[in-house]
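Each remark here refers to the structure printed beneath this line.
Keep in mind the model is a prediction, meaning the values are calculated, not measured.
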Amino acid sequence: NAPEIRGVTFSNTTLERSRETGLSLDIMDLEVQNNLSSLDVQVFYFDKDEEEWTTGFFSDVTFNEESGLFEINVVPPPDLKIGKYDLKVEVFDSDGELTTLTQSKIFTVINSPPIVEDLVTPPLEYYEQDNASFWLNVSGDDFDGEIFRYEWRSSRQGTLPCTTSDCEL
């Protein structure tokens, strides 16, 4: 009896570059149903640049005894092209039988949005009373690249004319 791949589940099928998500596999083999961890499970994606199947950003496969599922951590690298990707799962049992499942365009890689970490210089109360101009300064991080532009918005004035991490108002 060859192993049976009964399910492939991403915790989120839209993956942000440099952000971790999970992948679970429901696999059964009647010959080793009490010892599923003995199965050799490999997960691949189709690399569009190299035009080949690769394990790339998938962690080693582990078997979760409690859930009965095989689990993989997935962290797309910051330079991975955005777009839809194909997935291939291969399962070998102790008899050398192979089961392969290929799913086309099962997950999408997107850009990770930058995150504002800290408003470095909060405005003082008397500046908030329209008495003078003031400076705002923030720090931020972009997990899959560098921040190339800032955009400041005010609830009263809308988009402000600042495009750097410092803004004089």
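For the atom pair I82 CD1 and L15 CG, the distance stands at 13.0 Å (nearest 0.5 Å). In this structure, CD1 on I5 lies 9.0 Å from CD on Q103, to the nearest 0.5 angstrom. D86 CG to K48 NZ: the interatomic distance, rounded to the nearest 0.5 Å, is 8.0 Å. Distance check: D29 CG to D95 CG gives 8.0 Å after rounding to the nearest 0.5 Å. Distance CG/L36 to CG/D93: 11.0 Å, rounded to 0.5 Å. The structure places CD of E31 at 9.5 Å from CG of L39, a figure rounded to the nearest 0.5 Å.
Both V32 and I27 are part of a single hydrophobic cluster, where members link through side-chain heavy atoms under 4.5 Å apart. A continuous path of ILVMFWY side-chain contacts below 4.5 Å connects L80 to I106, so both sit in one hydrophobic cluster. Hydrophobic cluster membership differs between F44 and L25, with clusters built from Ile, Leu, Val, Met, Phe, Trp and Tyr side chains linked at under 4.5 angstrom. Put simply, L69 and L101 are part of two different groups of oily side chains (I, L, V, M, F, W, Y) that touch within less than 4.5 Å, one to the next. Clustering ILVMFWY residues whenever any of their side-chain heavy atoms sit less than 4.5 angstrom apart, transitively, puts F92 in a cluster other than the one holding L87.
Across V91, T55, V61, a single residue satisfies side chain to side chain contact (heavy atoms under 4.5 Å, CB included) together with V43, and that is V61.
Not one N or O on the side chain of E97 forms a donor-acceptor pair closer than 3.5 Å with the backbone of P3. Using a distance-only test at 3.5 Å, with no hydrogens or angles considered, no donor-acceptor pair links the side chain of R6 to the main chain of M28. The backbone N or O of A2 lies less than 3.5 Å from no partner atom in the side chain of T99, so there is not a single donor-acceptor pair.
Considering every non-hydrogen atom in both D79 and R17, the closest pair reads C-NH1, 4.5 Å.
Remark: K88 fails to qualify as a cation-pi partner of F46 under the 6.0 Å distance and 45° angle criteria applied to the six-membered ring.
Applying the 6.0 Å contact sphere to CD of E51 captures no more than 12 heavy atoms from other residues, nucleotides or ligands.
F10 and F107 have tilted rings, their planes meeting at an angle from 30° to 60° on a 0 to 90° scale.
In this structure, a donor-acceptor pair under 3.5 Å is absent between the side chains of S24 and T9.
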Query - Test side chain to side chain contact (heavy atoms under 4.5 Å, CB included) applied to Y45 and V74, step by step - result: CA-CA 11 Å; Y45 77 97; V74 181; over 6 Å; no
